[in-house]
Amino acid sequence: MSSYRPEIVAAFRERKVRCTPQRYVILDYLKRSPKHPTAEEIYKAINRNDPRASLATVYKSLHAMALAGLIREVTVDGAAVRFESHMDKHHHFVCERCGRVEDIDWFEVPALENRNRLGHRKLREYEVLMRGLCSNCN
Ligand SMILES: [Zn+2]
Ligand SMILES: [Zn+2]
């Protein structure tokens, strides 16, 4: 049984989202998986335990959970949308050799904090997308 169970059940309750067995399995998988999987990777992983899931229902579950703020989409340009359950602010580092997407602890970007460069635009949020070679590849 998952050690994340109380946390997962509480998250669904708090966000007032129905915790279906499939949504539970998806969130459990995202909490265990350190990378940022695509919908297809999630589908393949959970299908090992629940062969009834279809890719379409996995997409629907992911969409509903992202809307409710249980998970979020990570867009790394040019590639399929990825998902994560890490909801605290953080930046991303993409390895150009192996494609791994890593979390980088949050730090403010001073130019954005000071808003000098934004003019009259209203900033809601931002994150830095870094590219390079991960520690395994360099
Ligand atoms: Zn790498
Ligand atoms: Zn992340």
Side-chain angles (χ1 to χ4, degrees):
M1 201 65 319
S2 156
S3 56
Y4 290 113
R5 187 168 182 90
E7 195 185 316
I8 291 173
V9 170
F12 275 102
R13 195 170 296 147
E14 190 183 312
R15 298 284 174 178
K16 299 183 168 47
V17 190
R18 199 159 60 91
C19 181
T20 66
Q22 184 178 86
R23 290 174 183 178
Y24 178 90
V25 170
I26 290 173
L27 193 52
D28 185 61
Y29 174 70
L30 282 173
K31 285 193 181 294
R32 284 164 196 286
S33 124
K35 52 193 186 112
H36 300 72
T38 63
E40 204 141 332
E41 286 168 343
I42 295 167
Y43 163 70
K44 282 193 187 129
I46 71 170
N47 236 32
R48 281 197 286 267
N49 303 319
D50 180 13
R52 295 159 301 168
S54 75
L55 185 56
T57 63
V58 170
Y59 268 113
K60 270 188 214 153
S61 292
L62 287 168
H63 184 68
M65 290 163 73
L67 262 181
L70 277 166
I71 60 172
R72 61 178 201 160
E73 295 185 356
V74 182
T75 310
V76 181
D77 45 17
V81 177
R82 295 163 179 277
F83 295 88
E84 67 180 346
S85 61
H86 182 187
M87 300 301 283
D88 297 335
K89 272 165 52 156
H90 60 279
H91 300 299
H92 286 111
F93 185 98
V94 182
C95 178
E96 292 174 316
R97 189 163 297 161
C98 69
R100 181 215 288 269
V101 181
E102 294 176 322
D103 289 341
I104 305 288
D105 286 344
W106 181 257
F107 56 86
E108 299 286 350
V109 176
L112 285 175
E113 262 230 292
N114 300 337
R115 302 176 47 94
N116 313 345
R117 308 201 175 258
L118 289 171
H120 293 295
R121 297 173 187 91
K122 192 165 185 275
L123 181 68
R124 182 173 59 81
E125 60 176 12
Y126 70 89
E127 66 168 68
V128 176
L129 180 60
M130 290 164 255
R131 292 187 192 79
L133 296 175
C134 75
S135 51
N136 291 329
C137 293
N138 73 33

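First listed ligand is number 1; within each ligand, the first listed atom is number 1. As a basis for the values below, the full set of heavy atoms in this structure was taken, side chains included, without hydrogen atoms, waters or symmetry mates. Position 1 is the first residue of the sequence; numbering continues from there. In this text, all values refer to a predicted model and were calculated from it rather than measured experimentally.
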Backbone N/O of Cys137 and side chain of Arg97: donor-acceptor pair under 3.5 Å:
yes

Knowing that exactly one of Arg13, Lys31, Arg23 qualifies, which makes a side-chain contact (heavy atoms from CB on, under 4.5 Å) with Ile8?
Lys31

Between His90 and Asp103, is there a donor-acceptor pair closer than 3.5 Å when you use the side chain of the first and the backbone of the second?
no

Atom of Thr38, atom of Ala80 and distance for their closest heavy-atom approach
CG2-CB, 3.9 Å

Taking Pro37 as the fixed residue, which of Leu30, Val74, Val101 is the one that meets the side-chain contact (heavy atoms from CB on, under 4.5 Å) rule?
Leu30

Name of the His90 N, O or S atom nearest the Zn ion (ligand 2)?
NE2

For the residue pair Trp106 and Tyr126, does the interplanar ring angle fall in the parallel (under 30°), tilted (30 to 60°) or perpendicular (over 60°) class?
tilted

Which atom name would you report as the N, O or S atom of Glu84 nearest the Zn ion (ligand 2)?
OE1

Provide the atom name of the closest N, O or S atom of Asp103 relative to the Zn ion (ligand 2).
OD1

Minimum heavy-atom separation for His92 to Glu127, with atom names?
ND1-OE2, 2.8 Å

Angle in degrees, rounded to 10°, that NE2 of His92 and NE2 of His36 form at the Zn ion (ligand 2):
100°

Do Glu102 and Arg100 meet the salt-bridge criterion of a basic N to acidic O distance under 4.0 Å?
yes

What protein N/O/S atoms sit under 2.8 Å from the Zn ion (ligand 1), by chain and number?
Cys95 SG, Cys98 SG, Cys134 SG, Cys137 SG

